[in-house]
Amino acid sequence: MFEKLKQRWKVNGLNLVLIITTFAIGGSLCGYAGRKILALTNLEKGALWVILYILLITLLWPLCVLLVSFPFGQFGFFKKYLGRVFKRFGSSHDRGQTVATLNNTGHDGSNRLTRTRIAIFASGAGSNAQQIINHFSSSADITIALIVCNKPGAGILDIAANAGIPSLLIEKERFFTGDNYLPELQDHRINFIVLAGFLWKIPEALIKAYPKKIVNIHPALLPKYGGKGMFGRHVHEAVINNKETESGITIHYVDELYDHGAVIFQATCAINDSDTADTLAQKIHVLEHTHYPKVIAEIVEK
Ligand code: GAR
């Protein structure tokens, strides 16, 4: 159980002890303060007293744990933790309103667009994911609800934690031969998937569950320089070695083949004689960061 908590909260053993201690002392302090406040009212212990007591400790609890977290050096953790609790509370309120009608297309029965809940699949540093998160951070219609990653320690996991977005670390066997993590995607009510530097092929069952609801970005002008093994730096090296005069990005729907589904958007950049795989990668990242969030918004709004 402690190991699970350490992984879930991404903390070491000492911090876990301090966090649990903060929970315990904060909880006791909150109960004590609640009783003291009620004592001031001279109210008899009974049903009303219990109701008021529950209300009071619900209100006091966040304050008490934040207060206690200071001397234990855990203020940062609890600030984020409470932020996530409030956010979840808010989104479960949303769920209460929409769950009856929401289906996998993100539309309700009247064909009106309901909130789109996106899962970003990423394996690396996550600079594209970061741009997408920023772009939709105050959107009323689109929520980045889950980060899915196949690499422990990848930068994208820190980005998710900092943004207070739940992350899911997936394993090869279950992704390709098990239930493809569909239950988790459904638990998070995901109705759109964005691949942003995700290097595993998407299994057929997932493509069937999300028809025309999975998009990918590729760092070259498909159909050239796509397919198995063509990712990140390998793509830029191949482009430079072939002395191409331009490269670019391709945003496309995902089908059963690598880098193959229908193209949605392309943008180009020129390649100079002095360009290397690294400088080309920088140009491509600029194009990706500029266009990917906007193209996602357009597809979802359609
Ligand atoms: C991006 O350039 C993306 O196009 C590429 O991985 C990089 C991820 O960067 N994807 C592929 O090569 C897929 N075939 P990021 O982690 O900084 O967003």
Side-chain angles (χ1 to χ4, degrees), residues 118-137 144 146-163 165 167-170 172 175-176 192-203 206-207 214-242 244 246-269 271 275-297 299:
I118 294 180
I120 300 179
F121 285 41
S123 312
S127 70
N128 277 286
Q130 180 73 76
Q131 295 299 320
I132 298 165
I133 291 166
N134 294 350
H135 189 87
F136 294 113
S137 62
I144 307 303
L146 183 66
I147 300 292
V148 176
C149 176
N150 61 330
K151 263 201 188 155
I156 179 63
L157 294 171
D158 293 330
I159 291 176
N162 288 336
I165 299 172
S167 53
L168 174 67
L169 199 54
I170 58 171
K172 210 166 195 165
F175 189 60
F176 289 110
F192 199 89
I193 295 175
V194 167
L195 310 186
F198 185 70
L199 303 184
W200 285 352
K201 205 167 161 204
I202 300 299
L206 216 53
I207 293 167
I214 310 179
V215 294
N216 179 42
I217 191 158
H218 186 75
L221 296 169
L222 291 174
K224 280 176 113 180
Y225 304 106
K228 196 163 194 270
M230 273 294 169
F231 58 86
R233 200 186 159 77
H234 300 288
V235 179
H236 308 312
E237 277 168 357
V239 170
I240 295 280
N241 290 342
N242 280 353
E244 298 283 359
E246 68 168 14
S247 187
I249 59 167
T250 304
I251 298 169
H252 64 95
Y253 287 111
V254 171
D255 67 9
E256 287 79 2
L257 304 174
Y258 269 117
D259 304 324
H260 180 264
V263 171
I264 302 164
F265 175 90
Q266 289 188 309
T268 60
C269 62
I271 302 176
D275 270 324
T276 61
D278 288 333
T279 60
L280 179 56
Q282 283 166 17
K283 288 183 183 178
I284 294 292
H285 261 129
V286 172
L287 284 181
E288 292 183 329
H289 298 167
T290 308
H291 295 289
Y292 205 15
K294 290 184 201 155
V295 173
I296 293 165
I299 302 166

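Counting starts at 1 for both ligands and their atoms, in listed order. No experiment lies behind these values; they were computed from the predicted model shown.
Those atoms of ligand 1 with a heavy atom of Phe231 less than 4.0 angstrom away are 12 (O), 14 (N). Applying the 4.0 Å criterion to heavy atoms of Gly197 picks out, from ligand 1, the atoms 6 (O), 8 (C), 10 (N).
Considering every non-hydrogen atom in both Ile159 and Ala125, the closest pair reads CD1-O, 3.3 Å. Among all heavy-atom pairs drawn from Ile202 and Ile207, the shortest one is O-CD1, 3.5 Å. Nearest heavy atom pair, residue Thr250 against residue Gln266, reads OG1-NE2, 2.9 Å. When all heavy atoms of Asp259 and Leu222 are compared, the closest pair comes out as O-CD1, 3.6 Å. Pairing each heavy atom of Ile284 with each of Pro219, the nearest pair is CG2-CB, 3.7 Å.
Protein heavy atom in closest approach to atom 14 (N) of ligand 1: His218 ND1, 3.3 Å. What sits closest to atom 12 (O) of ligand 1 on the protein, heavy atoms only, is Gly232 N, 2.9 Å. Counting only heavy atoms of the protein, atom 17 (O) of ligand 1 lies nearest to Ser127 OG, 2.6 Å. The single protein non-hydrogen atom nearest to atom 2 (O) of ligand 1 is Glu288 OE1, 2.9 Å, given as residue, atom name and distance. In terms of protein heavy-atom proximity, atom 11 (C) of ligand 1 is closest to Pro219 CD, 3.6 Å. For atom 9 (O) of ligand 1, the closest non-hydrogen atom on the protein side is His285 NE2, 3.3 Å.
In this model, a donor atom of one side chain and an acceptor atom of the other lie less than 3.5 Å apart for His289 and Ser127.
The environment of His260 atom NE2 is sparse: at most 12 non-hydrogen atoms of other residues, nucleotides or ligands sit within 6.0 angstrom.
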Next on the checklist: As a quick check of understanding, evaluate side chain to side chain contact (heavy atoms under 4.5 Å, CB included) for Tyr225 and Leu221, giving each step before the final call.
Outcome noted: CA-CA 7 Å; Tyr225 304 106; Leu221 296 169; over 6 Å; no
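Between Phe121 and Phe175, the two ring planes are tilted [angle within 30° to 60°].
Looking at Met230 against ligand 1, only its backbone comes within 4.0 Å, counting heavy atoms.
Put simply, no part of Ala122 is less than 4.0 Å from ligand 1, judged by heavy atoms. Contact between Gln130 and ligand 1 is absent, with no heavy atom of the residue lying under 4.0 Å from the ligand.
Considering backbone and side-chain N/O atoms, Ile284 never comes within less than 3.5 Å of an N/O atom of ligand 1. Of the N or O atoms in Asn128, one or more lie within a sub-3.5 Å distance of an N or O in ligand 1. Note: an N/O pair closer than 3.5 Å links Gly126 and ligand 1 by distance alone.
When Thr250, Ile217, Ile249 are ranked by how near their heavy atoms come to atom 13 (C) of ligand 1, first place goes to Ile217.
Here Arg233 pairs with Asp278 in a salt bridge; the nearest charged N to carboxylate O distance falls below 4.0 Å.
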